Protein chains: 2
Amino acid sequence: MNQQHPQKKTTIYDLAELAGTSASAVSAVLNGNWKKRRISSQLAEKITRIAEEQGYAVNMQASLLRREKSRIIGMIVPKYDNRYFGSIVETFEIMARERGLFPIITCTLRDPDLEVEAARTMLSYQVEWLISTGATDPDRITDICLAAGTRSLNLDLPGTKATSIISDNFAGARELTKRTLTNLKRKTGGMSPLLFIGGRGSDHNTAERIRGFRMAHQDLGVPIEEHHILACGYAPEKAAQALNMMATAEGSVPRGMFVNSTISLEGVMRWIQSSAQFVGAPPIIGCFDWDPFVALLGHDIEMAQQDVSGMLKAAFDVVEKDGGDRRLIEIPPIFA
Amino acid sequence: MNQQHPQKKTTIYDLAELAGTSASAVSAVLNGNWKKRRISSQLAEKITRIAEEQGYAVNMQASLLRREKSRIIGMIVPKYDNRYFGSIVETFEIMARERGLFPIITCTLRDPDLEVEAARTMLSYQVEWLISTGATDPDRITDICLAAGTRSLNLDLPGTKATSIISDNFAGARELTKRTLTNLKRKTGGMSPLLFIGGRGSDHNTAERIRGFRMAHQDLGVPIEEHHILACGYAPEKAAQALNMMATAEGSVPRGMFVNSTISLEGVMRWIQSSAQFVGAPPIIGCFDWDPFVALLGHDIEMAQQDVSGMLKAAFDVVEKDGGDRRLIEIPPIFA
DNA sequence: TTGAAAGCGCTAACAA
DNA sequence: TTGTTAGCGCTTTCAA
């Protein structure tokens, strides 16, 4: 990475010289506040033209150093290569830009140490807000931000020390379970308890979804099989492995399933294809998450789509209102 | 976004005062080059401890302003919410960090103006390299970078003014077409020309893939239907609409198809489901792109997976070797 | 082994 | 209406 053309970049001093004026005039013009500085429109025009000609680009480092507010907003996110998080970051960027904020995003691979490191890096860049998405330890990050006087906010997974915006996991899971049980009845004539698979028992979302799962069973008068609740982690392999163990231990796996994310669904589908259990009697699935190809290609798969733009709208509301309180905002997922 | 705690952040001067030493000593210690400055390890330790206690975080803006090299590397990318680009950005971040570079990424929604604006913003942040991924006008971006003395590189779609790293579209499409024609023969007993759908006729990748598509037909002695080559754009709706028009005009659509991306595949699948044409005789598809759920749930869909990590490895090779020449590097896609 | 001081490019208060 | 100037927090050279 040796600078091949160590070419000095044009500065406002260069422009000032070319325009026969001062750096401060150039700065004012280029920042768009030349009317309040009452600079003549001719000078303004001249400066703008010269800047254009020179291909001038402001040095953000210098500008930010001098300014008191960075207008940078940071987000950390566990993964990119997934439709849910992908659309979160995409929407985040768009909304940030609409509000004149500069978004910076880092992906932390669900690694707690990386999360902390990423948070510190964001602070070094003087972010005004940090949004922790799906963080393994949100409160840790809030503490780090608090110590630096930076505000933060949790998305997707809640923490106790900052406002959290999450899906309404309980109500969503209850509805999804109800729908899946109903689908099962339609296909098989009866309702038997579903298998719950995927997610971490220790995380809030999974716990709430399990609660909704139980409640829906109760609503419909279906008993629960306690040993059929498998919070085995999110990774596809974990889900496949859990199904495999159950199949070996019990000889079969329930036909109706509640799958806790598309990530887990990947493992579930893989296992289903490799096992011979479901030939002629395909599983009836409810998935708490959405993917277009599953929606298109998956038969008998009901999906709860988390309302990404609703969640981010809520997040930016908090940012703009400068919400200093700690609230838990729950956004209902969307059913097709 | 009013700073609620306008809390002055701790600087190296604060630390220096607390440690009873100078700012320059603090700086040296915190940068890890205190051995070459021959600072006593006691002092170093003391400074480190105090910095820790104070939750000190360097101000990157100030640091970067003073340094000559930013070690920031930028990437612009058309979309996030797609497995291909998702894994590109994820891999990019990981590889950048491994090399001690700070990655900043922006998504430009295939909007040429946004691409230019994003490029300028990246230059403002003093990126040392800019990687334009799937840009609509890569040469424009290269020009902007050149003018600022910043190096750039094209990924996924090539340009003529900077090194470009892309999939081997011709060979990949030829192989994919061959496989799809063979699948068609296996299912139907014969080979009839495939439909080509998706992508922009004006982009290099689509042109090369059409060339490979033609060549494979020729290899296998299958004629080409010229009016069955539909470079109708990438968006799902475009593909669905193109199929619709063809079905209305010709009464049917070929059973064998070459689909130019998973994005287009979304539209193709949607149309197939809504049309009655393929009941009992499902289409035989080859898709130039990969998605895990399509691989799992799609029947008779062959996929060419672009070698994301191979492409990025090549990109970072160029960055590290500081390759100033313009080359076209083609990476073969992967078949299951 | 350590400190003083200059200056990176910019913004904003103050002078003119 | 415009220019001068003092830093923003840091790195780095030079002097001690």
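Residue numbers start from 1 in every chain, and the chains themselves are labelled A, B, ... in the order their sequence lines are given, proteins ahead of strands. Quick caveat: nothing in here was measured; it's all calculated off a predicted structure.
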Open item on the list: For B/Tyr13 and A/Thr10, find the nucleotide of DNA chain C closest to each by heavy atoms; which residue's nucleotide sits nearer the 5' end?
Closed with: B/Tyr13
Task: B/Ser132 side chain vs B/Asn154 backbone, donor-acceptor pair below 3.5 Å - done: no
- [ ] May I have the distance from A/Glu68 (atom CD) to C/dA12 (atom P), rounded to whole angstrom?
- [x] 6 Å
- [ ] Select from A/Gly20 and B/Ile12 the residue whose nearest nucleotide in DNA chain D is closer to the 5' end of that strand.
- [x] A/Gly20
Open item on the list: Between C/dG9 and A/Arg66, counting only base atoms on the nucleotide and side-chain atoms on the residue, is there a donor-acceptor pair under 3.5 Å?
Closed with: no
- [ ] To the nearest Å, give me how far apart CG (A/Asn33) and P (C/dA13) are.
- [x] 11 Å
Open item on the list: Could you check whether B/Arg110 makes a cation-pi contact with B/Tyr234, meaning its NZ or CZ is under 6.0 Å from the centre of the six-membered ring and within 45° of the ring axis?
Closed with: yes
- [ ] Respond yes when some side-chain nitrogen or oxygen of A/Ser24 is under 4.0 Å from OP1 or OP2 of D/dT4, and no when none is.
- [x] no
Open item on the list: Could you tell me how far apart A/Asn31 (CG) and C/dA12 (P) are, to the nearest whole angstrom?
Closed with: 7 Å
Task: Distance, rounded to the nearest Å, where B/Lys46 contributes NZ and C/dT2 contributes P - done: 11 Å
Task: Length of the NZ-P vector between A/Lys9 and C/dC10, whole Å - done: 11 Å
- [ ] In whole angstrom, give the distance that lies between atom CD of A/Gln126 and atom C1' of D/dC10.
- [x] 12 Å
Open item on the list: Please determine whether a side-chain nitrogen of the Lys or Arg among A/Arg49 and A/Glu45 lies less than 4.0 Å from a carboxylate oxygen of the Asp or Glu.
Closed with: no
Open item on the list: Once you apply a heavy-atom cut-off of 4.0 Å, does A/Ser40 come out as touching a base, just sugar-phosphate, or nothing?
Closed with: sugar-phosphate
Task: 5′-ward residue of the pair B/Thr21/B/Arg67 relative to DNA chain C - done: B/Thr21
TODO: Inspect the contact between B/Arg99 and B/Glu320 and indicate whether a charged nitrogen and a carboxylate oxygen are less than 4.0 angstrom apart.
DONE: yes
